[in-house]
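Heavy atoms only: backbone and side chains are in, while hydrogens, waters and symmetry mates are out. Quick caveat, the model's predicted, so the values are computed rather than measured. Read the numbers this way: they start at 1 and go in the same order the structure lists the ligands and their atoms.
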Amino acid sequence: MLICTVRGCGQPLTRTGNAYSCPQKHSFDIGRHGHITLLQPQDRRSRIPGDAAEAVHARRRLSDRGLFLPLLHAIRDLAALSPADIVLDAGCGDGYYLGTLAEQTGSQGHGVDISQPAILAAARRYPHCQWVLANADRQIPYASQTFSLVLSITARRNAPEFHRVLRPGGRLLVAIPAPDDLIELRGASRNRIDSATAAFSPHFTLAAHRRATTTADLDAAAVADVLHAIYRPLQPQPPAAGRVTFSLDLLLFQPVDAPPAQSPAASR
Ligand SMILES: [Zn+2]
């Protein structure tokens with residue numbers, strides 16, 4: 001169900017030996033840890049090259065502390081994940097959510113991200129899922145109607161492509177930072193639910209909303225990791241240690257039947 005990312009091609013990829021190729025003989029290597037590199041030269045020059053290794057490792061250390069488990073369980077429950085699901089995580093980062101959810105629920109997981117350090121970290125830790133290095137802002141490298149569930153967890157959003165790769169009756173779960181997310185480090189932020197819903201409105205309708213919130217008492221090393229892992233503006237002097245709130249607004253969308261005209265633009 002992977003498709004070729006060479007501009008204007010888009011034909012199905014099939015595996016032969018240690019590579020994937022399309023009928024036009026475009027070929028893509030499979031990495032040592034099983035991930036597939038479908039980035040094109042124009043994607044590598046993207047103005048958003050994705051998470052650097054330092055941010056990926058900081059986030060991994062935080063998830064290894066179990067800090068995000070309550071958020072993960074809220075995502076699992078709202079999405080009603082089952083072993084029958086074929087799941088795409090678009091902008092999967094280090095694979096924590098998709099890899100753990102696939103383990104817990106028996107669903108089949110496919111993660112796409114534009115950051116090479118992130119995809120390598122995901123492929124090493126969660127070999128039971130398929131990990132793809134590609135620019136999902138431009139094109140999701142999967143055939144139409146492949147997935148029963150698309151996840152977009154604090155990632156960039158591409159509504160037309162999310163719609164294209166979802167099966168009829170599928171669902172989309174979008175997680176965005178809630179106003180109280182990291183409030184101790186950066187103050188309260190605005191509510192983003194209306195703008196996110198509007199960005200998806202031509203292709204999706206909002207079916208459910210839930211807020212998932214957890215707090216943790218963090219030492220200085222963990223606070224430093226949070227600061228490395230996020231890019232949003234901070235308080236002038238964020239605390240060196242203390243209680244930190246992690247909070248997501250979870251939006252569950254249903255696809256609208258007839259897709260409107262395709263637009264290549266992605267929104268944040
Ligand atoms: Zn091709």
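In terms of modelled atom types and a separation under 3.5 Å, the side chain of T5 and the main chain of L38 share a donor-acceptor contact.
Only protein N, O or S atoms were considered, and those under 2.8 Å from the Zn ion (ligand 1) are C4 SG, C9 SG, C22 SG, H26 ND1.
Close placement of the F253 and F200 rings is indicated, their centers lying within 6.0 Å of each other.
Not a single salt bridge (charged side-chain N to carboxylate O under 4.0 Å, His left out) links R32 to another residue, sequence neighbours left out. With sequence neighbours excluded, the residues that form a side chain to side chain contact (heavy atoms under 4.5 Å, CB included) with T146 are M1, Y142, A143.
For Q11 against P23, the heavy-atom pair with the smallest separation is OE1-CG, 3.4 Å.
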Validation: residues 74-100 side-chain donor-acceptor distances under 3.5 Å, sequence neighbours left out:
from, atom 1, to, atom 2, distance (Å)
R76, NH1, Q104, OE1, 3.0
S82, OG, A84, N, 3.1
D85, OD1, S148, OG, 2.6
D85, OD1, R171, NH1, 3.0
D85, OD1, R171, NH2, 3.3
D85, OD2, S82, N, 3.0
D85, OD2, R171, NH2, 2.7
D94, OD1, Y96, N, 3.1
D94, OD2, R60, NE, 3.4
T100, OG1, Y96, O, 2.6

